[in-house]
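A short worksheet on the structure shown next.
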Amino acid sequence: MTLAGVLAVVGALAAGYYFAMRPVTLRIAVGPANSDDLKVVQNLAQAFNNPQNSQVRLRPVQTDGALTSANLLGEGKADLAIIRGDLDVPKNAQAVATLRKNVAVLWVPSAGKARAGKDKKAAPEITKITQLAGRRIGVVGRTQANVNLLKVILRQYGVDPGKVEIVQFPANEAAEAIRNQKADAYLAAGPVNSKITSDAIAASARDGGTPKFLAIDSAEAIAQNHPAYEASEIPAGTFGGAPDKPEAEVKTISFAHHIVARRGIPESTIAAFTRQLFAIRQNLKNEFPLTAKIETPDTDKDATIPVHPGAAAFVDGEEKTFLDRYSDYIWWALMAMSAMGSAGAWFAGYLKKDERNVNTSQRDRLLDMLSAARQCDSMDELDQMQAEADDILRHTLLCYEHGTIEEGTLTAFNIAIEQFHNAVADRKALLLSMPQNLQRASAQFRAAGNA
């Protein structure tokens, strides 16, 4: 029973360790198709699903964009999601990492040197955001979030969004639309080194002219009023040189794309995911530079998106080991097994109570027969008592095998049965040595005394 108990404990611990350390597959919602976010996640999923990274695996769920991804997370149909920080964040979302940061780029195409000299009746040149009233503004990308971003900027400068014409272009058609002069100014949002934004700005440089970048000087005020945004800068020459585009540093606002997890996913799972994420980032950043932009989340209590406890544990170096997480469970399991063992032993003893009582009564009967054997005058009665003692012996040995009586009780019984056999043997020897008439007289006298 001790060996069985030890094996049961070892088996339970092994099973617990297996289930705690087995790979967990997390569904991550990301979109749209052909976006940088989707490419990053697909590369991460391939690396995560490598057998060497066995704790967490990723299964991408392609969506129409960040808003749809956020909705899937909010509905519990995804475990992770890539969302924009300036969109409505699901209530059950907790930050795990910052995938990348985007900057808003607002610019006016160059009029071209030749055209500038001929078209003297053209509209005044746009040099600041307040001059965008009554103009047509092109927004790169089909997402409504970029339009909302433009409206935030316009309102900050007192420009009524209803008095401008906003036209959206798909990212893959933006350069062609700009070359065809579909708008007076343009807005793009993406990483500082975004190829889409760079191509759009390159298409704005006509006849050797240089696009005019509109600085968002009130970036800090916007960030104060809208916590999802941060004040940022676009370094000189970010979008090409000769001449530099822009020629000098330009103030703007930025926002982040976050990797968020659904609240309720175990802390240990997200801690393992975060640890693998930043380990893989180091390995992939040379082959896939976009992964180098992944950053740790904001762990401050007043962060726009609250951090997941598992990610916070990794960032703060407080990630728990297997024993840290499950030591209490293991201790209580051992205590429960000990209590169950004691209860089982009591119950087994309770079930054998009747058998033990029978054995006790038989032992008392044996002691009574021991006294009776010393005074018995009949060989037949001695033989009957001898047969009854053999039955008691057989029953006692069975009780010992079943665990009803202990070894000490069996030893005491052996002494009693030995004394009984000696008493019967002595009495038989005495009776055999007595004449028949004395045996009958003794029997009659004993019967008369009993009467």
Side-chain angles (χ1 to χ4, degrees), residues 1-16 328-451:
M1 290 180 64
T2 302
L3 179 59
V6 171
L7 292 176
V9 171
V10 172
L13 292 176
D328 290 343
Y329 295 103
I330 293 173
W331 169 254
W332 285 111
L334 291 174
M335 292 292 292
M337 292 181 67
S338 176
M340 290 175 62
S342 300
W346 176 87
F347 187 68
Y350 178 79
L351 293 178
K352 295 176 181 179
K353 180 180 66 173
D354 294 339
E355 189 175 1
R356 189 164 50 249
N357 291 338
V358 170
N359 182 258
T360 301
S361 63
Q362 288 180 339
R363 186 179 59 208
D364 294 340
R365 169 60 181 161
L366 180 63
L367 294 175
D368 292 340
M369 288 192 301
L370 175 61
S371 299
R374 291 194 176 102
Q375 299 176 3
C376 184
D377 297 324
S378 172
M379 297 291 289
D380 293 337
E381 291 182 7
L382 290 174
D383 290 338
Q384 291 176 2
M385 286 190 288
Q386 185 72 51
E388 186 177 354
D390 291 341
D391 292 337
I392 294 175
L393 174 62
R394 184 180 300 106
H395 182 267
T396 301
L397 293 176
L398 289 175
C399 289
Y400 177 72
E401 290 179 358
H402 295 164
T404 305
I405 62 175
E406 298 178 353
E407 186 174 357
T409 303
L410 181 63
T411 301
F413 178 81
N414 287 336
I415 295 173
I417 197 72
E418 184 179 359
Q419 291 295 321
F420 173 76
H421 287 313
N422 291 337
V424 169
D426 292 343
R427 191 61 180 173
K428 282 185 176 182
L430 178 62
L431 292 177
L432 290 174
S433 65
M434 291 176 63
Q436 290 293 328
N437 58 345
L438 289 179
Q439 292 184 25
R440 286 194 299 269
S442 177
Q444 292 173 358
F445 179 77
R446 194 176 301 279
N450 293 335

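- Listed by first then second residue, pairs satisfying side-chain hydrogen bond (donor to acceptor under 3.5 Å, both in side chains) with a partner in residues 379-388 read R365-E388, D383-K428, Q386-H421, not counting sequence neighbours.
- Atom CG of L370 and atom CE of M385 lie 9.5 Å apart (nearest 0.5 Å).
- Closest of all the heavy-atom pairs between R427 and A373 is CG-O, 3.1 Å.
- Here M369 contributes atom CE and L382 contributes atom CG; the two are 11.0 Å apart, rounded to the nearest 0.5 Å.
- Atom CG in L410 sits 6.0 Å away from atom OH in Y400 (nearest 0.5 Å).
- Heavy atoms only, all atoms of each residue included: C376 and L431 are closest at O-CD1, 3.8 Å.
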Enumerate, atom names and distances included, each donor-acceptor pair closer than 3.5 Å involving a side-chain atom of residues 390-399, sequence neighbours excluded.
residue	atom	partner	partner atom	Å
D391	OD1	R394	NH1	2.9
H395	ND1	Q362	OE1	2.8
T396	OG1	N359	ND2	3.1
T396	OG1	I392	O	2.8

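- Scanning both residues, R363 and F413, for their nearest heavy atoms gives CG-CD1, 4.5 Å.
- Atom CG of D368 and atom OG of S361 lie 10.5 Å apart (nearest 0.5 Å).
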